[in-house]
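The next block holds one structure in the form of structure tokens; read it before the comments.
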Amino acid sequence: MPVRAIIGTQWGDEGKGKVTDFYGEWADVIVRFQGGNNAGHTIIANGTTFKLHLLPSGIIREDKLSVIGNGVVIDPEVLLTEIKELRGQGIPAENLRISDRAHIIMPYHKLLDGAEEAFRMGQRIGTTKRGIGPCYSDKIARLGVRMGDLLEPEKLREKLEFLIPLKQRILDAYGIEENLVVEPIYRDLTAVSEKIGHLITDTSVLLRELRQEGKSILLEGAQGSMLDIDHGTYPFTTSSNTTIGGAVSGSGLPASAIERVTGIVKAYTTRVGEGPFPTELDDEIGYHLGEAGKEFGTTTGRSRRCGWLDLVVVKHAVELNGITDIALTKVDVLTGLKEIKVCTAYGTDKGVTQNFPAEAAGPITPIYESMEGWSELDTDRVVEEGYEGLPKEAKRYIEFIENFLGVRVSMISVGPKREETIIR
Ligand code: GDP
Ligand code: IMO
Ligand code: MG
């Protein structure tokens, strides 16, 4: 497994953290390549639950190197808190390197995230309010502050001296009563630099060197393909490329280095925040999925919207990312449903389609295939016997997905714990 990417195929929360942790056993290096602390990745290993937002899921394995790549946006306060919390859980979190090119989420980015949402009125995105969009906007506008700036205090101060008055004007225009002052912001950043400055380096060079040495690298995606700024349900997306291109640009590894692209597919669909969701169930089945799947956001605690598996969405992700194999998660959550539906096409005002439209705001009628459910799934038996231990209806469901997508389901997850996983 020299270089493998883990990509969410839906609207996030597919179980990327769990799968990254599982495959992390065979990797030497685990890299986050985009997003920030809008992500929430839950891992349950050796009886302990870890909730990670910014750190790569490899951090809980002490013998692995964890890298925060250049494509990630970093809230320094959150980073320090997360490291501290892990240390409280007995994880030293020392094997970490942070890209000097990663952008910093500044205090004004968080204020602007809230303000922009408030002014969007009917077009609210329902962001995580972590300053993600404004930080990426500044990156693209070439107004960003990067981790590498922390290592050059004089340059950092100069940068703040022109940025802060500029941002003050924008806050004023929004009517936000906040007086941005260079000195305390500069002081906070230099304090961060004292704590983690030694971890900041050119991680793209580091990763290319490690690859040359034959090390296995796991690239951990955040969010999901439908939240991709280009290929997702724009504008109801996040502000980064969550798809495979982001793994390349956000890590500094060449595209040709990525040999496997594992798509994480949740056995049904969820979404947090606003935006189109064709298979959403606003009924007792949707409610049941939310309860049985414990679908509450790790980052904001919001209830996730739930619905049937949408294979139009997953096919979009499979083709877009060049998915080579699938990890199917939360299969256990479907247990007890008499009938399970899977969306295989959309009825639109322009006819039936199997392609996700650029503008999904119009009327979309999901076209479903119906399948028989299963009443019991014995997790212990599945863990012991592997694929054969699954109920025959669950196997039929999995094989249907495989046949539709033309990609093998090579891992099946039947519970949140590390060991509740089978390799096929
Ligand atoms: P991520 O953002 O893609 O890493 O996913 P999250 O961690 O935000 O959400 C997935 C949730 O489902 C977490 O609470 C996991 O512990 C849990 N989970 C992962 N795989 C399974 C599974 O196979 N079955 C069940 N019941 N829970 C799972
Ligand atoms: P993981 O990595 C689910 C959603 C937000 C909002 C939209 C934009 O845990 O899968 P942002 O704060 O990024 O500007 O919000 O994207 N969102 C996520 N939904 N899982 C995530 O991450 C998400 N990260 C952002 O709810 O709708
Ligand atoms: Mg999550």
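All ligand and atom numbering here is 1-based and tracks the order in the structure.
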field: Sidechain N-carboxylate O distance under 4.0 Å for Lys16, Glu14
entry: yes
query: For ligand 2, which atoms, with element, lie under 4.0 Å from some heavy atom of Ala222?
result: 2 (O)
Sub-4.0 Å heavy-atom approach of Gly40 to ligand 2: yes
query: With the threshold set at 4.0 Å, does a side-chain nitrogen-carboxylate oxygen contact exist between Lys395 and Glu399?
result: no
message: I'd like to check which ligand 1 atoms, numbered from 1 as shown, lie under 4.0 Å from a non-hydrogen atom of Gly17.
response: 4 (O)
- prompt: Charged N to carboxylate O below 4.0 Å: is that the case for Glu295 and Lys330?
  reply: yes
field: N, O or S from Ala222 under 2.8 Å to the Mg ion (ligand 3)
entry: no
Row check, Tyr387 ring normal vs Arg424 NZ/CZ: under 6.0 Å, within 45°: yes
field: Close approach of Gln223 to ligand 2, heavy atoms, under 4.0 angstrom
entry: yes
- request: May I ask you to identify the nearest protein heavy atom to atom 27 (O) of ligand 2, giving residue, atom name and distance to one decimal place in Å?
  value: Val272 O, 3.0 Å
task: Taking atom types as modelled, find out whether Arg305 and Thr270 have a side-chain donor-acceptor pair closer than 3.5 angstrom.
output: no
query: Hey, does the Lys NZ or Arg CZ of Arg418 hover above the aromatic six-ring of Phe22, less than 6.0 Å from the centre and inside 45° of the axis?
result: no
Shortest protein heavy-atom distance from atom 3 (C) of ligand 2, along with the residue and atom involved: Asp13 OD2, 3.3 Å
task: Please work out which of Thr238, Ile264, Thr237, Leu52 has its closest non-hydrogen atom nearest to atom 11 (P) of ligand 2.
output: Thr238
Evaluation steps, side chain to side chain contact (heavy atoms under 4.5 Å, CB included), between Met106 and Val145: CA-CA 8 Å; Met106 300 289 285; Val145 182; 4.1 Å; yes
task: Salt-bridge test for Arg61 and Asp21: reply yes if a basic N is under 4.0 Å from a carboxylate O, no otherwise.
output: yes
message: Below 4.0 Å, non-hydrogen atoms only: which portion of Glu14 touches ligand 2? Side chain, backbone, both or neither.
response: neither
message: Which option wins on minimum heavy-atom distance to atom 11 (C) of ligand 1: Lys330, Glu420, Lys294?
response: Lys330
task: Could you check whether the rings of Trp11 and Phe356 sit parallel, tilted or perpendicular, using 30° and 60° as the cut-offs?
output: perpendicular
statement: So the atoms of ligand 1 within less than 4.0 Å of a heavy atom of Ser413 turn out to be 20 (N), 21 (C), 22 (C), 23 (O)
statement: atom 26 (O) of ligand 2 has as its nearest protein heavy atom Arg302 NH2, 3.0 Å
message: Between the Mg ion (ligand 3) and Asp13, which N, O or S atom of the residue is the nearest one?
response: OD1
query: Which of these, Pro416, Gly224, Ala327, has its nearest heavy atom closest to atom 16 (O) of ligand 1?
result: Pro416
query: Against heavy atoms of Thr128, which atoms of ligand 2 measure under 4.0 Å?
result: 11 (P), 12 (O), 15 (O)
- line: One finds that the ligand 2 atoms under 4.0 Å from a non-hydrogen atom of Ala39 are 1 (P), 2 (O), 9 (O), 22 (O)
field: Under 4.0 Å to a heavy atom of Gly273 - the qualifying atoms of ligand 2, by number
entry: 27 (O)
- line: Among Gln10, Lys51, Arg304, Lys18, the residue with a heavy atom nearest to atom 9 (O) of ligand 1 is Arg304
message: Please list, in number order, the atoms of ligand 2 under 4.0 Å from a heavy atom of Gly12.
response: 10 (O), 20 (N)
task: May I ask you to list the atoms of ligand 2 that are less than 4.0 angstrom from any heavy atom of Lys16?
output: 1 (P), 2 (O), 10 (O)
message: Parallel, tilted or perpendicular, judged at 30° and 60°: which one describes the rings of Tyr23 and Trp26?
response: tilted
- request: Take every heavy atom of Gly415, measure it against each atom of ligand 1, and state whether any distance is under 4.0 Å.
  value: yes
task: Would you mind checking which non-hydrogen protein atom is closest to atom 26 (N) of ligand 1, with the distance to 0.1 Å?
output: Asp332 OD2, 2.8 Å
- line: shortest atom 15 (O) of ligand 2-to-protein heavy-atom contact is with Thr127 CA, 3.4 Å
message: Whether Arg130 and Asp113 form a salt bridge (side-chain N of Lys/Arg under 4.0 Å from carboxylate O of Asp/Glu) is what I want to check.
response: no
message: Is a donor from one side chain sitting under 3.5 angstrom from an acceptor on the other, for Thr233 and Arg271?
response: yes
N/O donor-acceptor pair under 3.5 Å between Asn241 side chain and Thr243 backbone: no
- line: Near Gly126 (heavy-atom distance under 4.0 Å), the atoms of ligand 2 are 5 (C), 6 (C), 26 (O), 27 (O)
- prompt: Is there a heavy atom of His53 sitting under 4.0 angstrom from any atom of ligand 1?
  reply: no
query: So, Ser370 and Glu339: side-chain donor and acceptor under 3.5 Å apart, yes or no?
result: yes
message: Would Gly40 count as being in polar contact with ligand 1, using the rule that some N or O on each side must be under 3.5 angstrom apart?
response: yes
- prompt: Distance only, no hydrogens: is a donor on one side chain within 3.5 Å (strictly under) of an acceptor on the other, for Glu178 and Gln168?
  reply: no
message: Can you confirm, on distance only, whether ligand 1 has an N/O atom lying under 3.5 Å from any N/O atom belonging to Thr42?
response: yes
Polar proximity ligand 1 side, Val333 side, N/O cut 3.5 Å exclusive: no
task: Could you tell me whether Lys159 and Asp149 make a salt bridge, using a distance below 4.0 angstrom between a side-chain N and a carboxylate O?
output: yes
field: Location of contacts on Leu227 toward ligand 2, heavy atoms closer than 4.0 Å
entry: side chain
- prompt: Between Asp310 and Tyr268, is any side-chain donor less than 3.5 angstrom from a side-chain acceptor?
  reply: no
statement: Near Trp11 (heavy-atom distance under 4.0 Å), the atoms of ligand 2 are 3 (C), 19 (N)
